[in-house]
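A short write-up of the structure that comes next.
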Amino acid sequence: MYPWPARTAKSAGHAPARPATLLLVCLLAVPLARPCWAQEEGSPADSVLQAVRATMTAAGYCFLVTLDASGHPQARLMDPFEPEGDLTVWMATNATTRKVGQLRKDARATLAYYDVDGIGYVTLMGVVQLVGDLEERSRRWKPDWRMFYPEGPTSQDFLLLEFVPSRIEIMSISRGVAADATGFRPAILERQASTWLLAGG
């Protein structure tokens, strides 16, 4: 799961360290006596949101998880736009794909980003709106997509996905963000109207 060095203690005649053991060592090596939001200016939620946005932007790619007809989660790698100010995430896809059919039946979805700067992740839960408006498609069109959609943004196969999150979970060891790092409990943000609030605080 993590890019641990291929050369381990095995070559020296010792049993290789388990990934879980290495992860624990990394956790203990990072000072997390106080969460980062207790050390920065602004509200606690604002500090966590900064870490969320930084993690999402650095990752670039994410996994979009939808539900199939049986209720089983289905994941695929996506190349999203950078998150909007309210952390809405836009993506583009082919209108004939399975995920579009699944989202037509159940708009609930999850986005998962890997923390490329260290051990951690950001998970966003929310709903997806399918957007076929030509003006919106033209505004978000990328020239590199012409190989997939020769007709450009006017292609009937070109569709936008607008993901609106209602809950965010983040565990970022590199940024010192976690509700309880040693217990692997992420910090949680919940959306109330237009405001993000820390769950339980």
Side-chain angles (χ1 to χ4, degrees), residues 1-2 19-20 22-68 71-91 99 102-103 106-129 161-201:
M1 182 177 181
Y2 300 105
L22 294 173
L23 177 58
L24 180 59
V25 171
C26 291
L27 287 172
L28 295 176
V30 178
L32 284 170
R34 291 188 300 164
C36 76
W37 60 79
Q39 304 172 29
E40 298 190 12
E41 297 181 359
S43 72
D46 287 342
S47 296
V48 177
L49 285 169
Q50 290 176 11
V52 168
R53 186 179 301 279
T55 301
M56 294 170 67
T57 302
Y61 296 96
C62 70
F63 279 95
L64 167 64
V65 183
T66 56
L67 299 173
D68 65 15
H72 195 89
Q74 298 282 337
R76 74 280 294 163
L77 189 65
M78 300 291 290
D79 180 12
F81 289 89
E82 290 192 7
E84 306 273 300
D86 62 353
L87 294 181
T88 292
V89 178
W90 287 82
M91 296 163 282
K99 58 180 168 291
Q102 292 164 0
L103 289 168
D106 192 331
R108 291 177 299 170
T110 296
L111 292 186
Y113 292 77
Y114 170 60
D115 187 350
V116 298
D117 295 324
I119 299 171
Y121 63 90
V122 167
T123 300
L124 302 94
M125 286 145 277
V127 294
V128 173
Q129 179 179 353
L161 308 179
E162 181 186 14
F163 176 88
V164 181
S166 58
R167 178 184 173 95
I168 301 172
E169 297 185 1
I170 175 172
M171 169 77 78
S172 179
I173 304 307
S174 63
R175 295 179 175 85
V177 178
D180 178 4
T182 59
F184 301 98
R185 289 178 53 240
I188 298 173
L189 291 159
E190 294 181 343
R191 192 171 197 162
Q192 296 186 11
S194 60
T195 304
W196 285 103
L197 299 175
L198 276 173

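Contact of the M91 side chain with the L111 side chain is registered, since non-hydrogen atoms from C-beta on lie closer than 4.5 Å. Put simply, the side chain of T123 reaches to within 4.5 Å of the side chain of M125, judged on heavy atoms. Put simply, the side chain of D106 does not reach to within 4.5 Å of the side chain of T66, judged on heavy atoms. For the pair T57/P83, a side-chain contact is recorded, criterion being any heavy-atom separation below 4.5 Å from C-beta on.
For the pair Y61 and L77, the tightest heavy-atom approach, listed with the atom from each and the gap, is CB-CD1, 3.9 Å. Across C62 and P80, no two heavy atoms sit closer than the pair SG-CG, 3.8 Å. Contact between R191 and P165 at its shortest, heavy atoms only, is NH1-O, 3.0 Å. The minimum heavy-atom distance linking F63 with A75 is given by the pair CD2-CB, 4.3 Å.
A donor-acceptor distance shorter than 3.5 angstrom exists from the side chain of R53 to the backbone of G85, with no hydrogens or angles considered. Judged by distance alone, with hydrogens and angles left aside, the side-chain atoms of R185 form no donor-acceptor pair with the main-chain N or O of A178 at under 3.5 Å. With hydrogens and angles ignored, the 3.5 Å screen pairs no side-chain donor or acceptor of R108 with any backbone N or O of L67.
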Worked verdict on L124 versus Y113 for side-chain contact (heavy atoms from CB on, under 4.5 Å): CA-CA 9 Å; L124 302 94; Y113 292 77; 3.6 Å; yes

Step-by-step side-chain contact (heavy atoms from CB on, under 4.5 Å) determination, M78 to V89: CA-CA 11 Å; M78 300 291 290; V89 178; over 6 Å; no

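Separating the CG atom in L189 from the OG1 atom in T195 is a distance of 11.5 Å, to the nearest 0.5 Å.
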